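Below, all heavy atoms of this structure are taken into account, side chains as well, without hydrogens, waters or symmetry copies. All figures in this text were calculated on a predicted structure; none of them were measured in a lab.
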Amino acid sequence: MRTDHHDIKINIKLGQDIFENLPNDIRPGWAGLVLSRFDNYIKDIPTSILELFPMIDDKDCWKEAHKQFSKIRTFGLENENYLPKYLRLAELVAKVTYNASGQPAPFDSDSGHFISSLALKATEYFADDRLEEEVKSALLLFSRNNKFKGNLIAAKDLLLYKKIDDILWFDWDPIGINDMARRDEYQSYVPEIFGLLKSNASRQEIANRLHKLETENMGMRGTIESCLVIADKILNAK
């Protein structure tokens, strides 16, 4: 699928195609990934949205997203000037998450069709090309290869791989360049960390490898304590 930002913003059919290409069990994770692109651009994320992310990561909690939608909607009604497109996006993510649970009284089945368009429109408030590119990359994560529609394991692994990539870029960032350098600065390390996670490496093993990378490969003065914090984030992404 070759599309530019403008195409996705104005063509709901493209958003529909993106969403329908996803296996049901991947839809909450994908929607949450898109929503999380805004985390580093919003100083005080509403509690109702912060509470949604752990639900997305636990399939057993997807059914709770219906109530979470109501909380997000209530926050929006009480704070009419607070990033309305972002709040609307969060509502759609909650809807998609609940619908994936298979519980009674689902939201409109086409709720996910509007995520792509609305997510890119929400970036306009921040006027940041890097954010817009992050959002588009997340939107098209699965659309670039149709094999994920019929392969749930591969789709889940790709989502996990992307989460590790994000953690290394936004949280680890030993050189301190994630606000100025190319997004691919640490991507060569992702396969190894992904492999460690898939092989059930321990917190200490992951931290040790991160520490070795930042001190020996990059020549930085990293600490094992900070790497243990990042290792926890990586383990929690699984």
Side-chain angles (χ1 to χ4, degrees), residues 4-5 8 29-46 49-50 52-54 56-57 83 85-86 89-90 93 115-116 119-144 157-198 201 203 205-238:
D4 62 27
H5 300 162
I8 301 175
W30 169 81
L33 180 69
V34 173
L35 183 63
S36 72
R37 301 304 87 188
F38 296 87
D39 286 0
N40 293 287
Y41 293 83
I42 299 175
K43 183 177 181 181
D44 296 310
I45 300 173
I49 295 179
L50 290 175
L52 178 61
F53 288 112
I56 291 171
D57 291 336
L83 300 175
K85 288 186 175 65
Y86 170 73
L89 176 62
V93 173
I115 286 178
S116 294
L120 284 170
K121 289 176 181 176
T123 66
E124 293 172 353
Y125 173 85
F126 302 91
D128 189 297
D129 291 342
R130 292 162 65 92
L131 172 60
E132 192 168 290
E133 191 56 43
E134 282 285 336
V135 169
K136 185 185 178 187
S137 177
L139 291 173
L140 298 178
L141 183 63
F142 295 97
S143 298
R144 296 190 177 105
D157 278 350
L158 179 60
L159 192 58
L160 179 59
Y161 192 94
K162 176 61 176 171
K163 288 181 179 180
I164 294 172
D165 178 37
D166 283 347
I167 291 169
L168 297 188
W169 178 247
F170 291 111
D171 300 302
W172 184 45
D173 186 26
I175 307 177
I177 56 170
N178 64 16
D179 61 344
M180 64 184 78
R182 288 173 57 88
R183 181 65 167 82
D184 60 359
E185 181 67 30
Y186 307 119
Q187 287 179 352
S188 63
Y189 304 127
V190 179
E192 181 178 2
I193 303 303
F194 174 80
L196 285 173
L197 187 60
K198 291 290 289 183
R203 174 181 186 243
E205 288 172 324
I206 294 173
N208 287 345
R209 185 53 187 155
L210 290 172
H211 187 245
K212 186 174 182 179
L213 287 172
E214 63 184 22
T215 55
E216 296 185 12
N217 290 48
M218 303 178 202
M220 306 301 293
R221 292 186 175 182
T223 67
I224 193 65
E225 290 77 17
S226 63
C227 289
L228 285 167
V229 173
I230 301 303
D232 286 336
K233 289 180 178 289
I234 291 170
L235 288 168
N236 288 335
K238 191 172 181 180

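Remark: Lys238 does not engage Asp57 in a salt bridge, criterion side-chain N to carboxylate O under 4.0 Å. Salt bridge present: Asp166 and Arg183 bring a charged side-chain N and a carboxylate O closer than 4.0 Å. A salt bridge links Asp157 with Lys198: the closest approach of a Lys/Arg side-chain nitrogen to an acidic carboxylate oxygen falls below 4.0 angstrom.
For Phe38 and Tyr86, the ring centers sit closer than 6.0 Å to each other.
Here Lys121 pairs with nothing under the salt bridge (Lys or Arg N to Asp or Glu O under 4.0 Å) rule; sequence neighbours left out.
Closest heavy-atom contact between Val93 and Ala31: CG2-O, 3.6 Å. Closest approach of Ala237 to Ile167, counting heavy atoms only: CB-CD1, 4.2 Å. Shown here for Arg130 and Asn178, the closest heavy-atom pair between the two residues is NH2-O, 2.6 Å. Heavy-atom minimum distance, Gly222 versus Glu214: CA-OE2, 2.9 Å. Tyr186 and Gly176 get closest at one heavy-atom pair: OH-N, 4.0 Å. The nearest pair of heavy atoms linking Val135 to Ala119 is CG1-CB, 3.8 Å.
No side-chain donor from either of Trp169 and Gln187 sits under 3.5 Å from a side-chain acceptor of the other.
Taken from CE in Met220 to CG in Asp173, the straight-line distance is 9.0 Å, to the nearest 0.5 Å.
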